[in-house]
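Note sheet for the following structure.
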Amino acid sequence: MRQKREDVRNVAIIAHVDHGKTTLVDVLLKQSGVFRENQEVAERVMDSNEIERERGITILSKNTAVNYKGTKINIVDTPGHADFGGEVERVLKMVNGVILVVDAFEGAMPQTKFVLKKALELKLPVIVCINKIDRPEARPEEVVDEVLELFLELEADDAQLDCPFVFASAKTGVASLDPHKPGTSMEPLFETILNYIPAPEGDPDAGTQVLISTIDYNDYVGRIGVGKVDNGVITVNEEVVICNHHEPDKQVKVKVSKLYEFDGLNKVEVKSASIGSIVAISGISDIHIGDTLCSPDQILPIPFQKISEPTISMQFMVNDSPLAGQEGKYVTSRHIRTRLFRELNTDVSLRVEETDSTDCFKVSGRGELHLSVLIETMRREGYEFAVSKAEVIYRHDEKGKLLEPMEIAYIDVPNEFSGTVIEKLGQRKGELRNMTSITSGTYTRLEFSIPARGLIGYRGEFLTDTKGNGILNTIFDDYAPYKGDIQYRKQGSLIAFEPGEAITYGLYNAQERGTLFINPGEKVYAGMVVGQTGRSEDIEINVCKKKQLTNTRSSSADEALRLTPPRILSLEQALDFIDTDELLEVTPKSLRIRKKILDPTLRKRAAMSKKG
C-alpha cells in the first residue's frame, strides 16, 4: 500500500546562471545548524570543484541535506548554465518539487525558461524565490508578473500557477512573503518548503526500487550511484538486480556493499533506507545513470527521460608538434582514450567516439563551455593533447536535406552598442526576433535566432564590442535547414617560419605586422601561430631572427627595442580564435596555436587543391 513519508522533503534548486542558487544553499545550511557556531565556512560551499570556484559557476549537481523542525530536507543544487542542462534534467526525477530562483533585477532569463519547462513537464510543484531583493535596482513586482507570464507560456496547470512566492536576499540570509517587509531569517522559505512540497510517496512493503539519477566517482571506491528510494527498503548486503527502461535486455545481479545518506555536506553510512530517502550506493562497478536497482523477485525498471543530445563536437588528438611530450605527464593515445571514456562515467551529456585514426577521438558536448571545462580539467591533471576547432553536429531530414542546430540568443546591451551587435550577428546568419527596452531605457534586450556555429568564437568579440557591459545568454532551440556559409575569422595568422627561441629583435620586426601572442624567450617551431595579422591572409615571419653584430654594434643595443606587450590568450579565447585549418596544443603549462599542416610547402599545396 502506498503511503507518504512525512519526515522527508526532496527539493531541487533550479535557476538561470548567477541568480544565486548556490549562495541560497549556503544560507539554508548555515541557518539549519549544519555548521558549528565558530566553524570556518567557505563561500559557495557547494561549489567544491576547483574550476567551479574559479569561474563562479556550478558545473555538477550536488546533494546536501538539512534538518528543520524534525523534517529532513534533501536539497539538490543544480547548474544554471545551458551547457550543463543535462545535469538538471536528470536530477528532477529525484525530487518532489523545485525552488525556482529568479533574480529580482534580471527577471526570467532563457535558462529559467528551460529548467522550469522540465519541472512543469514532470508535474512538479514550484516555489518561486525572488532573490537579491536588496539590490538597489530590484523590481520584485514586475519580476513576479514576468514569472507568471512564463508559467502561462509553458502551459502550467492551475495548481502550478497557484504557486507561492518568497522574497529573499540569500547574501544577507533573510526571506519574507511580502516584498515590502524584509524578513529576519530564512524561516519563511523553510516553512513554505514544508507546507508546499509534497512528502515522498511509495510502498514500503513492495520490492526495492531505486532510480539512479547521478553518478559520483571516487578513486578509492569507484562509481557511486545516487538516487531516490521509490519503493521498498534498500539494505546493506542485499542482492539487487540492475535494469534499465531504455535497455530491456539489461539485468545484472549485484550486491549493495555500502549505503550512505546525506547529512549537511557529509555522506553518513547507514544500514538501510526506506521510501523517499536519497541514498548513495557504492561497490557496484557497472552502475549507470538511468539504471533502476530492483528486488530480484520483482524486476520493474522506472522510466527515465532521454537526455538531450549534444550539438557541438571537437577532435581530441595526440599532440604531434615538435615540442610534444616536454610538459605533459600523460601524452599517449592510450592515456587520452582512458581519460575520455572515464569522463563518461559521470557526464551523461558527453559523447566520445573512436575515429579512423587511433590517435584521434571525436568528443561531442552541449556547447563550447561544456567542452572547455573538460579540456581545462584534463590539462590540470597532467594531460597533453591537441584539439581542433569546435564544429556543430549536422543532421539530415527524410528527404536528405541538411539540418543544423539553431540557438536562441538573448542579449542585454547598453543602447549605444546595440547597432554593432545586430550587425555582427547579422553577418553570422542571425535573425533578430525581438527588441525591447529594459532598465529605464538605458539597455536594450535583443532576441536572435542564430545557427549554433554562428556563435562559435563570438563571445570574446561580443565582450570587446560592448566594452564588457553586454550579457549574452543562449539556449538550444531546434534543428532547422542549413543557413549557408559563415566566414568565422576575417584576419589571418602570423606563422613562425623556423624553429628556435623567440628573440626581441625578431619580435620587434614582427609586431608591425599584427598582434603578437608570445614573449621573447618562448620556444617556437615552424608552423606555430605566434600572432594575428590585420590582413585576411596568413603571413610567415621569422621571430628567431638575430641582429647581425659588427665591431661597432653591440648586442646591448637590443635592449633599447620596445616591444608592445603580447596578447596572452586564455583557453576560451584560444578555442574561439583557432580556425578550421588550425589546432590548439594543450599542455599543463602552455597553450599553443598551430597550423594542422606544419610544413609551409605542403600547407600551400593543400590550400591550392582546396581552391581547385
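In this text the structure is predicted, and so the values were computed from the model without any measurement. We number each residue from 1, following the sequence as shown.
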side-chain contact (heavy atoms from CB on, under 4.5 Å), that's the test. Do Glu381 and Thr377 meet it? Break it down for me. CA-CA 6 Å; Glu381 290 170 4; Thr377 308; 3.5 Å; yes

For the pair Asp465 and Val413, evaluate side-chain contact (heavy atoms from CB on, under 4.5 Å) and give the outcome as yes or no after the intermediate values. CA-CA 10 Å; Asp465 290 345; Val413 287; over 6 Å; no

Leu494 vs Val543, test: side-chain contact (heavy atoms from CB on, under 4.5 Å). Steps then yes/no. CA-CA 10 Å; Leu494 288 173; Val543 290; over 6 Å; no

Starting from the C-alpha separation in whole Å, work towards a yes-or-no answer on side-chain contact (heavy atoms from CB on, under 4.5 Å) for Thr444 and Asp412. CA-CA 6 Å; Thr444 304; Asp412 292 354; over 6 Å; no

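Judged as a ring pair (Phe, Tyr, Trp, His ring centres under 6.0 Å), the pairs with a partner in residues 314-333 (not counting sequence neighbours) are, in order, Phe316-Phe385, Tyr330-His335, Tyr330-Tyr383.
Residues Arg453 and Tyr482 have side chains in contact (heavy-atom distance under 4.5 Å, counting atoms from C-beta outward). No side-chain heavy atom of Asp576 sits under 4.5 Å from any side-chain heavy atom of Glu461. Residues Leu591 and Leu569 fail the side-chain proximity criterion, which asks for heavy atoms closer than 4.5 Å. In this structure the side chain of Pro566 reaches within 4.5 angstrom of the side chain of Asn519, judged on heavy atoms. Annotation: side chain of Asn509 is not in contact with side chain of Ile541 (no heavy-atom distance under 4.5 Å).
Rounding to the nearest 0.5 Å places CG of Leu571 at 6.5 Å from CG of Leu584. Taking CD1 from Ile578 and CD1 from Ile593, the interatomic distance works out to 7.0 Å, rounded to the nearest 0.5 Å. Residue Ser313 holds its OG atom at 8.0 Å from CD of Glu353, rounded to the nearest 0.5 Å. Rounding to the nearest 0.5 angstrom, the gap separating the NZ atom in Lys483 from the CG atom in Leu403 is 10.0 Å. The line from CG of Leu507 to CD of Gln511 is 8.0 Å long, rounded to the nearest 0.5 Å. If you take CG on Asp359 and OG1 on Thr332, they are separated by 9.0 Å, rounding to the nearest 0.5 Å.
Scanning for side chain to side chain contact (heavy atoms under 4.5 Å, CB included) contacts around Glu343 gives Arg339, Thr346, Asp347, Leu350, Leu374, with sequence neighbours left out. By the side chain to side chain donor-acceptor pair (under 3.5 Å) test, Glu407 is found to be paired with no residue, residues two or more places apart in sequence or in another chain being considered.
Contact check on Asp538 versus Arg603 returns no salt bridge, with no Lys/Arg side-chain nitrogen under 4.0 Å from an Asp/Glu carboxylate oxygen. At a threshold of 4.0 Å, the pair Glu582-Lys595 counts as salt-bridged, since one of the basic side-chain nitrogens sits closer than that to a carboxylate oxygen. Salt-bridge check for Asp581 with Lys596: failed, with every basic side-chain N at 4.0 Å or more from each acidic carboxylate O. At a threshold of 4.0 Å, the pair Glu404-Lys429 does not count as salt-bridged, since none of the basic side-chain nitrogens sits closer than that to a carboxylate oxygen. Using a 4.0 Å cut-off between a side-chain N of Lys or Arg and a carboxylate O of Asp or Glu, Lys467 and Glu416 do not qualify as a salt bridge.
When all heavy atoms of Ile393 and Pro310 are compared, the closest pair comes out as CD1-O, 3.8 Å. Minimum heavy-atom separation, Met317 to Leu583: CE-CD2, 3.8 Å. The minimum heavy-atom distance between Pro520 and Leu563, with the atom names listed, is CG-CD1, 3.5 Å. The two residues Gly325 and Val331 come nearest to each other via the heavy atoms CA-CG1, 4.1 Å. Scanning both residues, Ala104 and Val143, for their nearest heavy atoms gives O-CG2, 3.4 Å. Closest non-hydrogen pair, Gly470 versus Leu463, comes out as O-CD2, 4.3 Å.
Between the side chain of Ser388 and the backbone N or O of Gln315, at least one donor-acceptor pair lies under 3.5 Å. For the pair Thr355 (side chain) and Cys360 (backbone), a donor-acceptor distance under 3.5 Å is present. Using a distance-only test at 3.5 Å, with no hydrogens or angles considered, no donor-acceptor pair links the side chain of Arg535 to the main chain of Arg513. A donor-acceptor pair is defined here as one N or O able to donate and one able to accept, closer than 3.5 Å; such a pair exists between the side chain of Arg379 and the backbone of Thr587. With hydrogens and angles disregarded, no donor-acceptor distance shorter than 3.5 Å links the side chain of Ser493 to the backbone of Ile495. Between the Lys132 side chain and the Asp103 main chain, no donor and acceptor come within less than 3.5 Å of each other. Glu447 places no side-chain N or O within donor-acceptor distance of the main-chain N or O of Arg433, the cut-off being under 3.5 Å.
For Lys523, the NZ atom is loosely surrounded, since the number of other residues' heavy atoms within 6.0 Å does not exceed 12. For Tyr458, the OH atom sits in a packed shell: over 12 heavy atoms of surrounding residues, nucleotides or ligands are nearer than 6.0 Å. With a 6.0 Å radius and a threshold of 12 heavy atoms from other residues, nucleotides or ligands, Tyr479 has its OH atom above the threshold.
Under the 3.5 Å distance criterion, with hydrogens and angles disregarded, a donor-acceptor pair is assigned to the side chains of Arg567 and Gln532.
Screening Glu384, Glu327, Glu522 for a salt bridge (Lys or Arg N to Asp or Glu O under 4.0 Å) with Arg592, the sole residue that qualifies is Glu327.
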